[in-house]
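We count ligands from 1, going down the list as the structure has it; atoms in each ligand are counted the same way. On a predicted model such as this, the values are computed, not experimentally measured, just so you know. The first residue of the sequence shown is numbered 1, and numbering continues consecutively from there.
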Amino acid sequence: MAHDADVTFEELVARQKPGMSLEQPFYTDPAIFEREMADVLPGQWLYVEHTTTIPKKGDYVLYDIAGESIIVVRGRDGEIRAFYNVCRHRGSRVCLAPQGNVRTLTCPYHAWVYDLEGKLIHAALMADDFDPGDWPLHDCRVRVWEGMIFINLGDDDGPVADFDEITAAFERYAKPYRLADTRIIHQETYPTDANWKLAVENFRECYHCSPAHPEYTTVNAYVNDGDRDPETRAKLVEDWVTEWESKGVAACDLRNWGDLLDAIQPYGAFRQPIREGSWTLSQDGQPVAPLMGDLKEWDKGETLLIVGPLFYIYLANDHAALFRFTPVREDHCEVVVTWLVRDDAEEGRDYDTDKVIWMWDVTTIEDTKIINDNQLGVNSRRYMPGRYSEREYGTRNFIAWYLNRMGAQGVVSPVVGQP
Ligand code: FES
Ligand SMILES: [Fe+2]
């Protein structure tokens, strides 16, 4: 559905009201999706995969996002590089299989051959004045942090988020978990028939947890803490924080997304207790894997690191769940969840995959359903923007940030509250 041709894009953005969901075209119009992919996405560091996905020389994995395809490959020297999956001859995709091991990157169309550093090393029957050195694959920026590979689709001369600033802010919370020294025990893709912003809006609020997630609500005490009076709640949190600080645990509270409304890639983090008597995010609260990394004791907390709108790291003491959101089309996106435990843990002896993945798997299946139903309602002629509740502050901040990035002037919504 296209937006009303009488309204310019700038007018449409300018008339959105902070504190409310967006007008229909933002969730349905391919032209707006295209604009987002051109103006909002580039410059952000996008999580691709864990480094253990491509452990050997010549291993590669593709990351497809909104029509782009990026090859992330480990070279002969062990370095990870990224290239646009676009042949410099006539533009064919070079790699077709989503993952593999290769000696060279060879285009299936006319067999131009690139080495793993992207250099063109063979092109048959070209004229004498053709210099292969002029035709390397297009580079894509890539960085690795704590075993996680990120790419950036920003242009060479365009603005790019400061990767070092973001990862430095997370360092004290993430480091003890040693996410590089982990193994993937499960990865699940949840295809979602909805605009990517509906999926992100959903993920950033827990107003829906009680009605939509019975399992998650049983595990996470904070969901119903909102029913307690603010003073009792503040006291509970203070007691936990005091205990954590006395043990040298970083009592993380980096909820500064609201202060970063004009950042290319806002980030934030928080840490909270799970529930009295629970050690981790499992069905019965009992540990489901060995303590991660350098952790020496259980602190019964969970940490969330928010790396822009499209990547989230949930840390329990014994496992991590990585959430990657990928816009595909205006009406389709994909959520991939990857579960990690320490790399020397053995299935059967130290962990049972079903128990580790239970909460996030059941919760994400439920989320996919409510997000799809949300899109169906938004498609109606009768849909109009609705008010966010006090408890949807994370969603409000996301939308305020989004409108800023889309060019709206003076949007403020730096609301901080309880999750
Ligand atoms: S398009 Fe790749 S070799 Fe022709
Ligand atoms: Fe949810």
Distance-only side-chain donor-acceptor flag, T280 / S282, under 3.5 Å:
no
Is W358 atom CH2 crowded by more than 12 heavy atoms from other residues, nucleotides or ligands, each under 6.0 Å away?
yes
Derivation and outcome, salt bridge (Lys or Arg N to Asp or Glu O under 4.0 Å), residues R271 and D299:
CA-CA 11 Å; R271 183 165 176 71; D299 61 41; 2.5 Å; yes
By side chain to side chain donor-acceptor pair (under 3.5 Å), which residues pair with N101, not counting sequence neighbours?
D59
Can you list the protein N, O or S atoms less than 2.8 Å from atom 2 (Fe) of ligand 1?
C87 SG, C107 SG
Between Y63 and N85, is there a side-chain donor-acceptor contact under 3.5 Å, judged purely by atom types and distance?
no
Nearby protein N/O/S atoms (those under 2.8 Å) for the Fe ion (ligand 2), with water ignored
H208 NE2, H213 NE2, D367 OD1, D367 OD2
Partner of M148 under side-chain contact (heavy atoms from CB on, under 4.5 Å), chosen from L322, T51, V48:
L322
List for me each residue that meets side chain to side chain donor-acceptor pair (under 3.5 Å) alongside D162, sequence neighbours excluded, and say none if there are none.
none
Decide whether E215 and T218 meet the rule of one side-chain donor and one side-chain acceptor closer than 3.5 Å.
no
For the residue pair Y267 / E165, report whether a side-chain donor-acceptor contact shorter than 3.5 Å exists.
yes
